[in-house]
Amino acid sequence: MYDHEKIESKWQKKWEESGIFHTPNHSDKPKYYSLVMFPYPSGTLHVGHVKNYTIGDVVSRYKRMRGYNVMNPFGYDSFGLPAENAAIAHGNIHPEDWTRSNIETIRNQIKKLGISYDWDRETITFEESYYKWTQWIFLKLYERGLAYKKSGPVNWCPSCKTVLANEQVVDGKCERCGTPVVIKQLDQWYFKITNYAEELDAFIDKLTGWPDNVKIMQRNWIGKSIGAEVTFKIKESGKTLKIFTTRPDTLWGVTFMAVAPESPLLSELTSISKQNEVEEFLTKINSTENRFERFSADAPKEGVFLGTHAINPVNGEEIPIYVANYILYEYGTGAIMAVPAHDARDYAFAKKYSLPIREVVEGGNQLPYDGDGILKNSGPFSGMKNREAMDKIIAYLEEKKIGKRTVNYKLRDWLISRQRYWGAPIPIVYCDKCGIVPVPEKDLPVRLPRDVKFDPTGRSPLSYDERFLHTTCPKCGGPAIRESDTMDTFVDSSWYYLRYVNPKEKDRPFIKEDVDEWLPVDQYIGGVEHAILHLLYSRFITKVLRDGGYLSFDEPFKNLFTQGMIYKDGAKMSKSKGNVVSPDEMVEKYGADTLRLYILFMGPPEKDAEWLESGIEGVYRFIVKLWNLFEFILPLIEKSTETKRDLSDEEYEIRRKVHMTLKKITNDIEGDFRFNTVVSGFMELVNIFSDYVKSTPEKDLNVGLLNEFAHKLVPCLSPFIPHLAEELWEMMGEKPFVANAEWPSYDEDAIKPRKIEVALMVNGKVRSRIVIDAGLSEDEIRKIALNDDKIKGILNGKNPKKVFVASGNVVNIVV
RNA sequence: GCGAGGGUGGCGGAAUUGGCAGACGCGCUGGACUUAGGAUCCAGUGGAUAAAACCGUGUGGGUUCAAGUCCCACCUCUCGCACCA
């Protein structure tokens with residue numbers, strides 16, 4: 001009887017006692033760093049997590065069997081809003097206690113899944129020993145001018161009561177809670193990720209092991225565009241107005257200018273007579289009902305003439321300046337030159353306010369036309385192809401000192417302050433005399449006090465804690481006030497994969513030599529939801545640390561795999577919908593091996609999949625079938641004295657299938673993680689042997705064949721169903737652990753068939769089948785095919801036009 | 001609107017890259033064993049048909065001895081970005 005509970009607890013204990021999954025930092029073996037995205041311990045794990053960790057575990061165990069020194073660590077992203085909110089929701093229990101108890105639970109859940117983590121490397125981001133170094137990273141950025149404080153418009157979530165980074169705002173709503181975000185003017189800390197925009201964009205090309213969709217998302221987010229900055233003079237004031245354009249070739253088609261409503265230039269560009277009208281317009285578009293829809297692409301284009309004019313530097317024309325709702329303050333210079341003939345938005349605006357439209361690119365059959373063509377009405381550049389003229393026009397602007405080549409990015413700096421309790425305090429103090437002073441490295445960590453009222457109020461809870469707040473200035477020794485905001489959790493998670501290398505290190509975040517040896521991560525596995533946030537931040541922090549001399553590689557993650565989600569009843573699992581599948585229940589009912597195998601069997605791992613109870617039952621049946629098969633054949637192998645026996649044709653074919661399956665599953669793992677077909681390969685093979693054993697009298701069974709099958713199959717099962725594989729391995733009389741066994745090799749010779757079945761087709765339709773010896777020449781096959789009775793009947797004496805023999809097992813006769 | 005990836009039985013999904021479509025699993029049908037079956041085992045299962053011929057990979061065309069796979073046009077779904085000048 002297959003008893004999963006007994007087998008699984010037995011081997012989990014043995015693995016733990018023997019410490020076989022502890023990875024030394026240095027080894028003769030080649031290294032392999034396998035990493036899964038660590039969880040927020042804001043509750044218990046669901047089967048979606050199990051999918052992530054199972055894929056990671058299969059990879060780790062497979063690579064271990066392939067002779068690598070595999071690091072497979074685990075940790076908890078345990079600071080931040082989710083944990084804090086959950087703690088508050090559960091009756092104001094302290095976030096630390098809440099999080100710790102969740103970590104306990106999760107750790108136990110994972111141990112029951114038989115994941116081969118090196119628990120000595122476990123890392124918890126809220127612990128002082130970790131966040132001390134998160135603060136250290138802040139200081140390193142500060143030293144290099146990459147951490148700065150500025151006042152400006154920020155995204156504020158009224159429900160979470162904190163600011164959010166741009167990356168955390170989705171469709172104008174808070175990424176976490178879905179509350180519409182409002183814009184506030186606040187003094188906040190930023191990381192200057194824009195300094196790395198160029199490299200973050202350029203190095204995407206080097207991420208050959210990343211899925212394309214993630215790379216495209218990062219590229220879009222960074223939003224690099226090449227163009228020119230052009231300076232227009234203001235006729236009335238004599239001052240200048242700079243704009244950014246990607247289409248300097250259309251400069252001669254400019255018929256008006258437009259500035260963003262938020263632009264600080266607005267007041268000086270507004271003539272006295274227009275002030276009231278402009279005020280009214282601003283009030284209107286900032287009203288609550290218009291505030292969000294204004295930023296949608298299909299909002300109507302609206303604006304007001306400011307009463308002033310710009311002078312087009314290339315042709316001296318006077319053009320009116322407008323304020324317009326479709327101009328984004330944060331992009332470019334917050335002002336544009338408008339070319340209605342060649343831009344749909346400018347066109348709509350021009351139509352609405354009856355502004356002139358001048359075509360300068362010939363090509364399209366209607367306006368607006370934003371494609372390529374021949375320039376006209378464009379002074380010295382008329383008659384040229386617009387693409388070719390582009391460079392010449394920029395050179396012309398530079399020569400006349402009215403413009404220059406410019407690169408623009410959509411990426412904006414990373415806002416890292418949070419007005420919440422559960423995070424790493426920003427290590428800064430404010431001194432009346434010295435101003436902003438960073439906390440010296442020797443004084444780290446700046447401890448997060450435990451006893452504070454941490455309910456969200458809109459201000460950091462630390463700002464009410466007098467004992468935390470008051471300190472002395474590290475520079476002058478005078479009284480000083482601590483920064484009370486904490487850091488975004490994404491700062492914590494942007495370097496955890498480095499800490500895993502030296503998790504216990506006291507004097508530094510990690511040891512350079514070790515990190516340089518282990519990194520980059522060979523395989524990173526997680527959800528697509530982190531395609532921009534976490535993955536972009538981690539790339540950024542890696543580059544910052546590299547430039548600070550703390551590590552020597554450019555990119556943290558060599559290969560990335562994004563697994564699909566598991567749905568239930570057509571929806572994402574959530575507590576509120578009551579459709580969460582608990583791994584504990586499944587482990588109890590079917591065992592961890594079955595759960596793991598089912599999750600891998602559900603479909604291609606990168607695709608979303610629907611959880612079906614009947615599906616896991618099917619996999620459980622397979623496991624039992626496998627168990628029963630081995631219970632039957634192992635005693636036969638044990639008591640057999642038979643040494644070697646020639647294989648019958650049937651046995652040869654079965655053995656061939658063993659080696660073919662071995663080859664197939666090895667390819668499927670090495671290829672694109674096609675674990676679903678690996679599992680079906682196991683099933684097929686077990687079916688074949690079950691049938692063989694059932695249909696053959698016991699005395700006629702080829703024990704050598706059974707023995708080979710067992711010794712080839714069980715190690716292959718080990719990464720997938722590790723507990724059962726260990727148990728079978730032991731039952732076979734082998735020494736533990738099969739987890740340390742070598743990945744079985746296959747014999748190419750055994751894959752060569754003795755006999756092959758050939759499909760005989762006439763005009764592409766199968767009309768007959770014959771079995772022939774393998775290795776016949778095409779001519780011989782052709783002859784046999786034409787001699788086949790059924791074929792002869794169909795040909796009825798006629799001569800075929802042509803006979804194709806394809807890949808040895810298909811013959812097509814054309815008549 | 002722009003970008004990416006998909007459309008194969010009742011369902012999840014396979015198909016040495018142009019060579020016998022539907023592997024494997026679920027579900028379903030029939031049978032066996034049973035007091036019982038939502039357990040297990042056996043057989044069957046793309047559609048249509050008494051059976052064969054026949055029809056079948058979103059649609060229409062094309063290339064080829066041969067197309068799920070290649071080419072052209074279209075329909076449709078999912079995801080991401082979305083006034084980025």
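The structure presented is a predicted model; accordingly, all values stated were derived computationally and were not measured. Lettering of chains follows the sequences in order, A, B, ..., and the numbering in each one begins at 1.
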Please state whether the phosphate of [N], meaning OP1 or OP2, lies under 4.0 angstrom from any side-chain nitrogen or oxygen of [X].
{"X": "A/Asn408", "N": "B/rA85", "answer": "no"}
{"X": "A/Lys801", "N": "B/rC65", "answer": "no"}
{"X": "A/Arg621", "N": "B/rU40", "answer": "yes"}
{"X": "A/Lys694", "N": "B/rC42", "answer": "yes"}
{"X": "A/Lys215", "N": "B/rC81", "answer": "no"}
{"X": "A/Thr677", "N": "B/rC24", "answer": "no"}

Describe, in one word, how the ring planes of A/Tyr353 and A/Phe349 are oriented to each other, choosing from parallel (under 30°), tilted (30 to 60°) and perpendicular (over 60°). tilted
Relative to each other, are the rings of A/Tyr2 and A/Tyr620 parallel, tilted or perpendicular (30° and 60° limits)? tilted
Considering only heavy atoms and no angle criterion, is a donor-acceptor pair shorter than 3.5 Å present between the side chain of A/Asn812 and the base of B/rC65? yes
What about the rings of A/Phe561 and A/Trp210, do their centers lie closer together than 6.0 Å? no
Is A/Glu317 paired with A/Arg358 through a side-chain N to carboxylate O contact shorter than 4.0 Å?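 A salt bridge links A/Arg358 with A/Glu317.
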Charged N to carboxylate O below 4.0 Å: is that the case for A/Asp668 and A/Lys664?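 So A/Asp668 pairs with A/Lys664 through a salt bridge.
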Between [options], which nucleotide has the shortest distance from any of its atoms to the side chain of [X]?
{"X": "A/Asn687", "options": "B/rA14, B/rG27, B/rC24", "answer": "B/rC24"}
{"X": "A/Ile327", "options": "B/rA85, B/rU40, B/rA14", "answer": "B/rA85"}
{"X": "A/Lys765", "options": "B/rC20, B/rC55, B/rA4", "answer": "B/rC55"}

Are the ring of A/Tyr326 and the six-membered base ring of B/rC83 within the stacking cut-offs of under 5.5 Å and under 30°? no
Between [N] atom [atom2] and [X] atom [atom1], what is the distance in whole Å?
{"X": "A/Asp212", "N": "B/rG3", "atom1": "CG", "atom2": "P", "answer": "15 Å"}
{"X": "A/Asp370", "N": "B/rC83", "atom1": "CG", "atom2": "C1'", "answer": "13 Å"}
{"X": "A/Lys568", "N": "B/rC11", "atom1": "NZ", "atom2": "P", "answer": "20 Å"}

Considering every strand and a 4.0 Å limit on heavy-atom distances, what is the contact class for A/Ala344: base, sugar-phosphate, or nothing?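 Result for A/Ala344 = nothing.
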Using a heavy-atom cut-off of 4.0 Å across all strands, would you classify A/Arg219 as base, sugar-phosphate, or nothing?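 Counting heavy atoms under 4.0 Å across all strands, no contact is made by A/Arg219.
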